Amino acid sequence: MSSQAELKQNDWIPGAIYIQQIKHSEWRHPIKEAAVSIQLLILSCVFLSTVFSQVWSGDTLKINPVTFADPSPIGWNAPYKVKVNFPDDPNVEWSQILMEQTLKCDSSTAGDKFPCGEWDYIWNTFLLVPAGDSIETFTLGSFVTPYGKRLELGGEQGWDWVYDITEYAPLLVGTRELITGNNQQLLNLQFLFIKGKPTRKVVSVENIYPYGEYRYELLASDSLLKEREIVLTDQAAAFRIKAVISGHGHAGPRNCCEWDSKTHTYIINQQDTFRWDVWKDCGNNPIYPQGGTWPFDRAGWCPGTKVDEVEFEITRKVSGGDTILIDYQIENFQDNREQDGTFRMSHQLFSYGPPNFKHDASIEAIIVPNNEDQYARINPSCGEPVIRIQNTGQYPLRQIEIKYGIRGSRKKSFGWYGNLEFLETEDVVLPPLSWKKMISSGIFEVEISVPAGINDENNKNNFLSSSFNKPKILPAKFIVNIQTNNLGRSAENRYSIHDGTGLVWYYEDAFVDSTTYRFPIALSRGCYQFVFMDDQEDGIALHWWNRNTAPEQVGINGQVQIESLTGDTLVLFNPDFGQELLLNFLVE
């Protein structure tokens with residue numbers, strides 16, 4: 001990798017702390033900016049001597065270095081800077097380490113005049129680790145804030161994002177300096193250290209290429225992030241590389257690199273080994289509506305989401321003690337100015353010991369039913385429960401028994417059969433529950449077990465629960481009222497109502513612009529799902545962003561609502577919904 005001193009000032013793209021101050025919707029080309037090193041900026045930060053709580057709750061140590069009560073940082077897009085006292089007992093193992101980030105809108109934020117910052121900004125959680133006489137910076141996670149105008153963001157409770165940072169265990173020891181967040185929203189940051197034996201011990205963490213922002217032309221010409229020689233530790237039995245990449249800028253005819261998908265490649269020992277596209281579907285972002293162009297797909301991120309993390313296991317291609325060559329490449333640019341776009345990225349290498357368990361089945365998540373923010377688009381639900389299982393044992397997982405149901409009620413049982421190798425996951429759809437006598441909310445519980453004769457060596461990950469709310473109850477007869485918008489956009493829409501078996505009761509896709517439709521609906525008792533789709537993933541709201549440049553393309557707002565037979569509004573949907581509206585409901 002070329003050092004910053006080797007680059008001309010007009011070619012170098014400033015580092016993360018500096019560049020994150022540029023808002024995406026009003027891109028300033030950073031080549032004209034002064035060349036300020038990310039390391040110099042981090043070293044110049046003044047870290048607060050922070051007093052914060054460290055509390056045990058059962059087998060979990062909670063560390064809370066930033067709270068909503070802390071003052072919003074002062075300065076242009078200023079981050080929080082704290083010192084964190086992580087646990088340092090070498091005799092304690094952690095089965096999992098989570099970083100929980102909660103943001104909320106508040107009038108005390110210092111970013112701008114809005115309770116939630118107006119624009120979408122990228123920021124990172126940087127961990128500063130002493131390395132001899134210098135400091136090495138590691139990225140624990142990368143995040144883009146949502147557009148803040150008219151944003152609710154979970155009200156007083158805020159909105160949660162959770163990062164699994166177990167892989168950074170060797171670095172999360174003793175006193176560390178941390179840079180995180182910004183002043184767009186208030187931040188509550190917690191680290192959860194869960195006591196127990198991990199799936200496999202993390203031996204070391206290494207930056208292949210530390211976080212930075214780079215001009216597309218220099219990446220494609222291999223002027224930056226050059227091939228590296230790395231000696232793999234002989235204390236490890238397994239290895240994985242992780243890329244966190246996001247595209248930015250509005251260069252060329254396709255607005256590279258925020259709005260343009262590119263192919264990225266890892267070359268190991270001079271062989272193309274892993275190839276992937278950096279592109280993220282934003283149409284079903286659970287945070288909506290936002291005050292910007294939030295529904296449109298982007299290069300590795302959406303407003304209000306974590307930047308995508310892509311991981312590749314390289315264990316079968318290398319061995320501990322090997323000296324290997326690793327190189328990163330990106331597809332070449334077209335000579336149409338897109339080369340001026342940029343990518344922000346980090347590339348890391350993790351080294352592990354062997355699996356700690358021969359047989360271990362794990363429940364990783366309850367997707368339905370669940371009140372967690374990340375699953376808000378598909379909940380509440382009265383349909384089939386969905387869980388995610390993982391094989392965290394050395395040997396293949398081929399069979400488990402799943403018991404599930406509502407706390408306090410009789411549980412159902414389901415047998416799963418498959419073939420999951422070590423660390424592979426699968427989303428399992430379970431037979432539906434009966435919701436007829438369900439109260440307004442409750443706790444859903446699921447427990448798994450392996451067949452008799454097989455010893456599951458880790459029972460701590462065999463049980464999981466989630467809180468849920470009962471879906472909305474609608475009358476057996478009602479009206480679906482749809483008012484289409486204009487400019488030919490009604491052709492993008494369709495709606496359907498189907499029951500829990502998948503049987504479609506109602507469907508329509510022949511819509512005409514600027515027209516009001518009233519569909520009478522009659523259903524029997526049961527669980528149903530109403531879906532309204534928009535193929536362009538921009539909802540049926542007017543395109544307000546065209547007001548100045550193309551006012552004839554603004555159009556009008558459409559509307560979708562469910563009414564009683566007497567005309568009362570039962571459900572009113574926001575037209576700025578992105579890809580789809582989904583409502584699970586009961587008829588009792």
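Quick caveat, the model's predicted, so the values are computed rather than measured.
Taking the charged nitrogens against the carboxylate oxygens, Glu156 and Lys104 do have a contact shorter than 4.0 Å, which makes a salt bridge. The pair Arg228-Glu206 meets the salt-bridge criterion, since a charged nitrogen lies less than 4.0 angstrom from a carboxylate oxygen. The pair Lys306-Asp308 fails the salt-bridge criterion, with no side-chain N (NZ, NE, NH1 or NH2) lying under 4.0 Å from an Asp/Glu carboxylate O. Look at Arg344 and Glu213 and you find a salt bridge, because one of the NZ, NE, NH1 or NH2 atoms lies within 4.0 Å of a carboxylate O, short of that distance. A salt bridge does not link Glu457 to Lys358: none of the charged side-chain nitrogens sits closer than 4.0 Å to a carboxylate oxygen.
Contact annotation: the side chain of Leu98 approaches that of Asp164 to within less than 4.5 Å [non-hydrogen atoms, C-beta and beyond]. Between His248 and Trp301, the closest side-chain pair of non-hydrogen atoms falls below 4.5 Å.
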Test Phe138 against Tyr168 for ring-ring contact (aromatic ring centres under 6.0 Å, His included), laying out the working first.
CA-CA 9 Å; Phe138 291 85; Tyr168 298 93; 7.4 Å; no
Worked verdict on Glu401 versus Trp416 for side chain to side chain donor-acceptor pair (under 3.5 Å)
CA-CA 6 Å; Glu401 182 182 7; Trp416 172 88; over 6 Å; no
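Counting only N and O atoms by type, the side chains of Thr233 and Gln235 include no donor and acceptor under 3.5 Å apart. A donor-acceptor contact closer than 3.5 angstrom is absent between the side chains of Thr109 and Asn183. A donor and an acceptor atom, one from each side chain of Glu313 and Thr315, are located under 3.5 Å apart. For Asn188 and Thr102, the side-chain atoms include no donor-acceptor pair closer than 3.5 Å. Asn182 and Asn77 form a side-chain donor-acceptor contact under 3.5 Å, judged by distance and modelled atom types alone. With 3.5 Å as the limit, one finds no donor-acceptor pair spanning the side chains of Trp119 and Gln184. Checking Asp360 against Asn461 by side-chain atom types alone, a donor-acceptor pair falls below 3.5 Å. Checked by atom type, the side-chain pair Asn391/Glu421 shows no donor-acceptor distance below 3.5 Å. Under the 3.5 Å distance criterion, with hydrogens and angles disregarded, a donor-acceptor pair is assigned to the side chains of Tyr163 and Gln101. Side chains of Thr342 and Arg215: a donor-acceptor N/O pair is absent below 3.5 angstrom, by distance only.
Of the possible polar contacts, none joining the Asp277 side chain to the Trp279 backbone as a donor-acceptor pair under 3.5 Å is found. Judged by distance alone, the side chain of Gln190 and the main-chain N or O of Glu100 form no donor-acceptor pair under 3.5 Å. In this structure, Asp70 contributes its side chain and Thr67 its backbone to a donor-acceptor pair below 3.5 Å. A donor-acceptor pair under 3.5 Å is absent between the side-chain atoms of Arg298 and the main chain of Lys280, judged by distance alone. Remark: the backbone N or O of Thr139 is paired with a side-chain donor or acceptor of Gln348 at under 3.5 angstrom. Side chain of Tyr216 to backbone of Asn332: a donor-acceptor contact under 3.5 angstrom is found.
The neighbour count for Lys242 NZ, taken as heavy atoms of other residues, nucleotides or ligands under 6.0 Å away, is above 12.
The salt bridge (charged side-chain N to carboxylate O under 4.0 Å, His left out) test applied to Lys201 returns no partner, not counting sequence neighbours. Contacts of Tyr375 classified as side-chain hydrogen bond (donor to acceptor under 3.5 Å, both in side chains), with partners at least two apart in sequence or in another chain: none.
Applying the side chain to side chain donor-acceptor pair (under 3.5 Å) test to every pair with at least one member in residues 318-329, sequence neighbours left out, gives these pairs: His264-Tyr328.
Cation-pi check for Arg240 over Phe350 is not met; the charged atom does not lie both under 6.0 angstrom from the ring centroid and within 45 degrees of its normal.
Ring-plane geometry between Tyr121 and Trp76 is classed as perpendicular, the angle between the planes exceeding 60 degrees on a 0 to 90 degree scale with a lower cut at 30.
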